[in-house]
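Chain identifiers are assigned alphabetically (A, B, ...) following the order of the sequence lines, protein sequences preceding nucleic acid strands; residue numbering begins at 1 within each chain. Basis for what follows: all heavy atoms, side chains included, without hydrogens, waters or symmetry-related copies.
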2 protein chains.
Amino acid sequence: MALGWLLFGKGPRHLTAEMLYEEALLAKIPLSLATVYNTLNQLTGAGLLRQVSVDGTKTYFDTNVTEHHHFYLENKYELMDIPDVNLELSKMPEVPEGYEISRIDMVVRLRKRR
Amino acid sequence: MALGWLLFGKGPRHLTAEMLYEEALLAKIPLSLATVYNTLNQLTGAGLLRQVSVDGTKTYFDTNVTEHHHFYLENKYELMDIPDVNLELSKMPEVPEGYEISRIDMVVRLRKRR
DNA sequence: TTTTGTGCAAATCGTTTGCACCGTT
DNA sequence: AACGGTGCAAACGATTTGCACAAAA
């Protein structure tokens with residue numbers, strides 16, 4: 001419950017288990033990292049969170065479960081929703097026989113311009 | 001060297017460190033998993049392989065380093081290049097101030113049609 | 001007393017690192 | 001004798017699991 005408030009209490013967010021764990025400690029909610037993981041997984045299973053995989057290390061959880069894509073700021077290791085809704089594919093790839101699309105994950109990786 | 005032959009000896013491939021390790025053992029090339037990882041990382045650094053992150057667990061390495069996207073067969077945990085080259089974005093999202101696009105990773109997740 | 005829910009210590013698993021070994025200069 | 005390259009045992013970090021404890025039935 002307490003984690004739910006932290007997660008959904010202030011707008012859309014992208015966080016890792018570690019980040020939420022730190023927030024919980026700051027908010028004087030005593031729990032272990034394992035509990036944070038288990039909670040995040042349960043919420044994901046219930047369709048309240050969406051997992052976003054960016055680079056194989058940390059897993060991000062997104063409180064925005066609508067269909068959308070992400071910017072990844074490589075310098076800050078930070079995710080942002082891509083605001084432009086009508087960013088669309090001009091042409092869907094033809095899907096192999098016997099399969100259907102389950103989800104499209106797009107990550108636009110951004111680096112600081114020098 | 002031996003790993004190079006396995007990797008590039010027979011067409012474009014998508015494999016994990018573990019998969020290449022198994023192949024090496026079958027080919028009677030005695031080495032450790034750590035060596036496979038180190039070799040894959042060196043080849044990636046040299047621009048001969050491309051890392052593809054699909055779901056946060058295993059990391060895939062792709063021998064095709066040209067710009068392209070992937071299908072992910074969820075039932076077989078298998079990657080495929082998306083053949084249709086002209087799968088393009090109709091509209092590039094406007095990138096936040098001070099940033100430029102470093103790379104776009106798109107994974108179209110496929111499930112078996114029932 | 002049994003059953004159900006909750007939290008976490010310890011285990012697991014993919015990956016990286018420090019260092020020992022060996023051939024070369 | 002010093003140097004450079006190679007391979008791997010052991011360490012590491014993110015995540016999962018089995019189980020102990022507690023509250024409810």
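- Checking D:dA9, D:dT17, D:dT15 against every side-chain atom of A:T59, the shortest atom distance belongs to D:dT15.
- Rounding to the nearest 0.5 Å gives a distance of 5.0 Å between CG of B:L43 and CG of B:L49.
- Taking OG1 of B:T16 as the reference point, atom CD of B:E22 lies at 9.0 Å (rounded to 0.5 Å).
- Both B:L33 and B:F61 are assigned to one and the same hydrophobic cluster, defined by single-linkage of ILVMFWY side chains at heavy-atom distances under 4.5 Å.
- For the pair A:Y60 OH and D:dT15 C1', the computed distance is 16 Å after rounding to whole Å.
- Contacts between chain B and DNA chain C, taken as any atom within less than 4.0 angstrom of a protein heavy atom, begin and end at C:dG14 to C:dT17.
- The only option from B:R50, B:Q51, B:R13, B:H68 that meets the side chain to side chain donor-acceptor pair (under 3.5 Å) definition with B:D62 turns out to be B:H68.
- Within 4.0 Å of B:N41, counting heavy atoms only, lie sugar-phosphate atoms of the nucleic acid but no base atom.
- Taking atom OH of residue B:Y37 and atom P of nucleotide D:dA11, one finds them 19 Å apart after rounding to whole Å.
- A:Y37 and A:W5 are members of different hydrophobic clusters when ILVMFWY side chains are connected at heavy-atom separations under 4.5 Å.
- The environment of A:Y77 atom OH is sparse: at most 12 non-hydrogen atoms of other residues, nucleotides or ligands sit within 6.0 angstrom.
- B:Q42 places its CD atom 11 Å from the P atom of D:dG5, with the value rounded to the nearest Å.
- Remark: P of D:dA14 and CG of A:L33 are 9 Å apart, rounded to the nearest angstrom.
- When only modelled atom types and interatomic distance are considered, B:H14 and B:D81 share a side-chain donor-acceptor pair under 3.5 Å.
- Computed from coordinates, the B:L3 CG to D:dT6 P distance equals 12 Å when rounded to whole Å.
- Using modelled atom types, one finds a donor on one side chain and an acceptor on the other under 3.5 Å when comparing A:N75 with B:Y99.
- Along DNA chain D, the nucleotide nearest B:G56 and the nucleotide nearest B:A34 are compared for position; the residue whose nucleotide lies closer to the 5' end is B:A34.
- Looking at which nucleotide of DNA chain D each of B:P30 and A:N38 is closest to, the 5′-most match is held by B:P30.
- Separating the OH atom of A:Y21 from the P atom of D:dA14 is a distance of 13 Å, rounded to the nearest angstrom.
- Rounded to whole angstrom, the span from the CG atom of B:L20 across to the P atom of D:dG7 amounts to 13 Å.
- Across the helix from C:dT1-D:dA25 to C:dT25-D:dA1, the helix axis at one end is tilted relative to the axis at the other end by 30° (nearest 10 degrees, each axis from five pairs).
- Using a 4.0 Å cut-off between charged side-chain N and carboxylate O, B:R109 and B:E74 make a salt bridge.
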